[in-house]
Each structure stands twice: as structure tokens, then as C-alpha cells.
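Predicted, not measured: the structure shown is a model, and the values here were computed from it. Quick note: numbers below take in every heavy atom, side chains included, and nothing from hydrogens, waters or symmetry partners.
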Amino acid sequence: MARSVTAKKNVKPAKAFNRPPYVLDEQVGFILRQVWQRHSSIFARDIGTNLTPTQWAALSKLAETGPCSQNQLGRLTAMDVATIKGVIDRLTARGLTETCQDPDDGRRLLVSLTRAGQQLAEKLAPNALAITRETLAPLDARERETLMALLNKLR
């Protein structure tokens, strides 16, 4: 005769899942990284040439300010010394930037746009503005203004 097993072991009911104190999807750094990834994808698709966002930052800042030291350019574009050096080396290899000795301080080199660099910066500025518009497109005008104000406050 078969025995039926009716006795249950001492099983406790499942404990309700407690929400952890740290939820990645709610963290500002994670959200900013996702937004940056979306923006970078739009940038790569729409910039119109083979430039990285850091290369564009250097080109556009030089177009805005004119010649400056590599160190100063790094500060203006939020790049560390090694990053800005690599960016300028690659832009110089492409004929878009050049360096010369600073007439006020012979120990320092100034970085400037070549004619080709200036022309490219002028040509791509409308693309860059369109990229910003597309990145912010999910927001209405007031939300865009608020977001930019808040991001600037967090700098």
C-alpha cells in the first residue's frame, strides 16, 4: 500500500521582499550615464564627420576662444592633461589644429585651429546645435530651460 505524504516540513511563508536602500535606476549618476549614452549615439550619427565628442569640444572651444595653451584648453573643456593631449595630437594629425610657441611665454605652446579646423568647426556648428535639440526633444521649452539651469547648478 502506497503511503501518501501529507506531513509538511516546517516551512515558513515567504518573507515580503524588502526594497533595498540603493536602487541603481534611481541614482543620478546612472541616469546621467544613460542620458550621456543616448546623446553620444545621436552625436555619432549626426555630427557629419568622424569626430568624437571630446574632439568636437576642443574644436568648438578653440573656435570660440581662439588660441590658448593645451592646459587651458583642457580646463575649458573639462579634460585631464592626458586626454586633452591625445585629443590635440589626433586633431593635429588630421590637420585641424596646430601649435606654436606662446610669444608671451616661450616655455608654453599655444594650440590653435588651422584654416581647415576653423572651416570644419563652422560647418559642423549647425549639426552640433541640432544634436542638442534632438537630445532635449522629449522636453518642452520650460523643461529644457529648467534642466539646463539645474545641470549648470550641479557643475
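Residues Gln55 and Val87 share a closest heavy-atom pair of CA-CG1, 3.9 Å. Here the shortest heavy-atom pairing between Leu62 and Cys68 reads CD2-SG, 4.1 Å. The two residues Gly95 and Ala116 make their nearest non-hydrogen contact at O-CB, 3.9 Å. For the pair Asp25 and Phe30, the tightest heavy-atom approach, listed with the atom from each and the gap, is OD1-CE2, 3.1 Å. Taking all atoms of both residues into account, the shortest heavy-atom contact from Ala121 to Trp56 is O-CH2, 3.5 Å.
In the hydrophobic clustering of this structure, Leu76 does not group with Leu109; members are Ile, Leu, Val, Met, Phe, Trp, Tyr whose side-chain heavy atoms approach within less than 4.5 Å, directly or through other members. Hydrophobic clustering (ILVMFWY, side-chain heavy atoms < 4.5 Å, transitive): Leu32 and Leu139 are in one cluster.
Note that the NZ atom of Lys61 and the CG atom of Leu73 stand 9.0 Å from one another [nearest 0.5 Å]. Distance check, rounded to the nearest 0.5 Å: CZ of Arg45 to CG of Asn127 gives 11.5 Å. Note that OG1 of Thr114 and CG of Leu96 are 5.5 Å apart. Values are rounded to the nearest 0.5 Å. The distance from atom OG1 of Thr99 to atom CD1 of Ile88, rounded to the nearest 0.5 Å, is 9.5 Å. With rounding to the nearest 0.5 Å, the separation of OG1 in Thr52 from CG in Leu59 is 9.0 Å. To the nearest 0.5 Å, the span separating CD on Gln101 from CG on Leu110 amounts to 9.5 Å.
Using a 4.5 Å cut-off on side-chain heavy atoms (C-beta onward), Arg94 and Thr49 make contact. With a 4.5 Å cut-off on side-chain heavy atoms, Thr54 and Thr77 do not count as touching. By the 4.5 Å heavy-atom criterion applied to side chains, Asp140 and Glu143 are counted as neighbours.
Checked options Leu136, Leu129, Ile131; the residue passing with Arg133 is Leu129 (criterion: side-chain contact (heavy atoms from CB on, under 4.5 Å)).
Side-chain N or O atoms of Gln27 include one that pairs as donor or acceptor with a backbone N or O of Val23 at under 3.5 Å. Using a distance-only test at 3.5 Å, with no hydrogens or angles considered, no donor-acceptor pair links the side chain of Arg108 to the main chain of Ser69. Ser60 places a side-chain N or O within donor-acceptor distance of the main-chain N or O of Ala57, the cut-off being under 3.5 Å.
Checking Ser40 against Trp36 by side-chain atom types alone, a donor-acceptor pair falls below 3.5 Å. Under 3.5 Å, the side chains of Thr83 and Asp80 contain a donor-acceptor pair of N or O atoms.
Remark: Glu134 does not engage Arg144 in a salt bridge, criterion side-chain N to carboxylate O under 4.0 Å. Between Arg107 and Asp105 there is a salt bridge, with a side-chain nitrogen of the basic residue lying less than 4.0 Å from a carboxylate oxygen of the acidic one. For the pair Arg115 and Glu98, the salt-bridge criterion is not met [side-chain N within less than 4.0 Å of a carboxylate O].
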